[in-house]
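Within every chain, numbering begins at 1; the chains are lettered A, B, ... in the order of the sequence lines, protein sequences first and strands thereafter.
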Protein chains: 2
Amino acid sequence: MIINKSSPVPQYFQLQTWLMEQIEQGILKHGVQIPTEKELGELTGLARATIRQAVGNLVNKGYLIRKRRLGTFVQDRQNETEKRTIIGILIPDIRSGYAPELARGTEDEAAKHQHSLILCNTDDLYMKAEHHADRLIKAAVSGVILIPTSHSYEKNRLIIEMFTKKDIPVVLADRTIPEIEIDHVTTNNFDGAYELTSYLIQRGHRKIAIILSERISTEKERLKGYRAALGDHDIPSDSSIVISDAGPFDQEHYQELIRGLLGHRGDFTAVFAGHDRIALIVYSIAHEMGLTIPDDFSLVGYDDLPYVSIKLTTMHQPIYEMGQESLKLIMSRIQGDGVASREIVLKAHLVERSSVRNNEMNL
Amino acid sequence: MIINKSSPVPQYFQLQTWLMEQIEQGILKHGVQIPTEKELGELTGLARATIRQAVGNLVNKGYLIRKRRLGTFVQDRQNETEKRTIIGILIPDIRSGYAPELARGTEDEAAKHQHSLILCNTDDLYMKAEHHADRLIKAAVSGVILIPTSHSYEKNRLIIEMFTKKDIPVVLADRTIPEIEIDHVTTNNFDGAYELTSYLIQRGHRKIAIILSERISTEKERLKGYRAALGDHDIPSDSSIVISDAGPFDQEHYQELIRGLLGHRGDFTAVFAGHDRIALIVYSIAHEMGLTIPDDFSLVGYDDLPYVSIKLTTMHQPIYEMGQESLKLIMSRIQGDGVASREIVLKAHLVERSSVRNNEMNL
DNA sequence: TGAATATTTTTGTATAGACAAATAGACATT
DNA sequence: AATGTCTATTTGTCTATACAAAAATATTCA
């Protein structure tokens, strides 16, 4: 190693750069002693003060550590990675649906890995999501769990790119985005809806109404499962009792749709609500109209939300586990897994309560 | 300023300390030029290299900034505060009760102030709380919102001290801790319970059962309000229908207690549930036993939890606002408000639904 | 053998002096 | 008025030297 005395770059800086390269290229590894100041003096022909300046700067930056009488040693710069122990979660609203359960599963798993969780509510708005993404990047999160919004796939992609540009791994939870290679965790929505629909059919229901929003990937799958089950049982689909474009969840809008549906009750004997919150609205509207469940019609939901006080037969989704698995994927990416994007599909299972009437004898 | 040449503490360190004190005591303010190296040399009698070492260290630490030809200036250490834009929230369980609403209010307000929110679930366990506190401190949060656990005031204090030792402001939300000077936000639990009890009395109820846990500060206040209302209406308290030591919320335990209470139904015409989750259990146990509300007995709750599908008359607590106000208190502390500890009391209001029967004619 | 002591090495602290580089501000030039 | 040049000042870089302090190692002594 030669110091260029005529270079405009300071000699201490030349030495400092040289040492840093050695460390970063792994030539000088953690714990290894670098030459003593005297030796460096002989090597470079520089005065000890100059050498001290170079080494001192690297000590300040955390690359080296000096030990009196023993020498100067290479330090593992674990500080940086140690500081970055935060994961972000972008969720539409922590108050709604399964969000608390998901957040809890994620946080518990994060805690196991000594990580913290930053909670961001997007309200399905691009502006808010962007704003949060910006701050998450500034906070140097080491990974992000995203529940894609139902509004625009394009916008979701933009958000994802904000992170991937900075090499921050992203995992999608529950919902997916088409045509994008990214780790994601879902449940078997098709199979679940198939099972749930078959359950209704087995209990003698042939006129099964359904209400959900096709625009959301999970509900789209459920609609497919519903149709497949009907088809396999040779039941023709009746489009008048299929509301598949209900749009993103909006209390009032759904109330209206459901009032409309319950208006011509002769057309169905059971209602498949796209998820439990829809089922709750169906229940309350039915109550309003003086109808009782399952006597006047049967009702099933999807999710198995906690703290639901009605006896709703529904598909239990392993939301807590979804949070856990999402975080595990993030952790494996953080630890440098370079494998292709992975998909984890968890299994939902039917929870039988008492919102479905057995109509078999009526057949 | 005199350097003690015979002191065992290095002279550069003496100078460095002196300069730092000047800055931290505000004698040398942001932007002010400190004496030039030459002047410091004359002042202290030290060699320039020694002075450079002292000043250099402070430059490294970010206290000073050197400008060639111009001199050395005091730097506002805003980097740190700029990076620290994270608030922690310690909550028993994000899934339960009003936690999501509180988290949402907090997060929205934090976003307004360009801050992020780290969510920590403690499960009311000291071990978990300590663990989270540790990591929040390492993550350099600039403030913490704590929902005290019901288990032990001592333990809560320990957690608070972990933060205050590091000058991290703490705000208590909802529940309070006695004998501790700290910012907190609550609702008027006494007045609310008084109003709610009076409401029942006005509707002809004189035998009002209550179930809650006195160990939780909020519920203790509610019990007092309940008793005050009874007293003011000259209704003697019947201890056989007062369950005030139900302990921290535990689904199964409460189910048992409520089954016991509903066993001797002649003793009361209304039940005051300490909070909505208790009310939901009362409702479902009543349902199990074939009782209907409000026909067989009346029921009121406290909280006004969202997504409750029964028509429960209850006190609406401004939980979202509580989250907002808590965060505002934190922000004012961050901005250096040194005032004495503050208490914000928000107002709850009665939400009349249909779980209370008007018994007035029966009197 | 084991404890006390001395030696040696390496970083830590400190001095004195020199020239380089940047630049605000004064001054000169176009 | 705009631009270029000079100057003084301050920090930036660098050398050479000296003694201090810590600590591993060798040596001495009881």
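Separating the NZ atom of A/Lys67 from the P atom of C/dG12 is a distance of 12 Å, rounded to the nearest angstrom. The nearest whole Å value for the distance from the CG atom in B/Leu70 to the P atom in C/dA24 is 6 Å. Protein atom CZ of A/Phe13 is 16 Å distant from nucleotide atom C1' of C/dA21, rounded to whole Å. Spacing between atom CD of B/Gln53 and atom P of C/dA16 amounts to 15 Å, rounded to whole angstrom units. D/dT13 atom P lies 13 Å from atom CG of A/Leu15, rounded to whole Å. One interatomic measurement links the two molecules: CD1 of B/Ile65 to P of D/dG12, which rounds to 10 Å at whole-angstrom precision. Between B/Arg52 atom CZ and C/dG17 atom C1' the separation is 14 Å, expressed in whole Å. Atom C1' of nucleotide D/dA20 and atom CD of B/Gln11 are separated by 12 Å, given to the nearest angstrom.
Side-chain contact between A/Leu19 and A/Tyr63 is absent, with no heavy-atom pair separated by less than 4.5 Å. Residues B/His115 and B/Ile86 are not in side-chain contact: their nearest non-hydrogen atoms beyond the backbone lie 4.5 Å or more apart.
An OP1 or OP2 oxygen of C/dT15 is reached within less than 4.0 angstrom by a side-chain nitrogen or oxygen of B/Thr50. For the OP1/OP2 pair of D/dT15 and a distance below 4.0 Å, the side-chain nitrogens and oxygens of A/Arg48 include no atom meeting the criterion. Residue B/Thr72 has no polar side-chain atom (N or O) positioned under 4.0 Å from OP1 or OP2 of D/dT10.
As judged by a 4.0 angstrom heavy-atom cut-off over every strand, B/Lys38 is placed among residues making no nucleic acid contact.
Atom CD of A/Glu107 sits about 5.5 Å away from atom CG of B/Leu119, to the nearest 0.5 Å.
Among the nucleotides C/dT10, C/dT13, C/dT15, the one closest to any side-chain atom of B/Leu46 is C/dT15. With distances taken from any side-chain atom of A/Tyr12 to the nucleotides C/dT13, C/dT15, D/dT13, the minimum falls on D/dT13.
Residues A/Arg68 and B/Gln33 each lie close to DNA chain D; by heavy-atom proximity, the contact nearer the 5' end of the strand is made by B/Gln33. Sequence order on DNA chain D of the closest nucleotides to B/Pro8 and A/Lys5 puts A/Lys5 first from the 5' end.
Looking at B/Tyr320 and B/Asp108, their side chains do bring a donor and an acceptor atom within 3.5 Å of each other.
No donor-acceptor contact under 3.5 Å links the side chain of B/Arg69 to the base of C/dG25.
Other residues, nucleotides and ligands contribute at most 12 non-hydrogen atoms within 6.0 Å of the CZ atom of A/Phe13.
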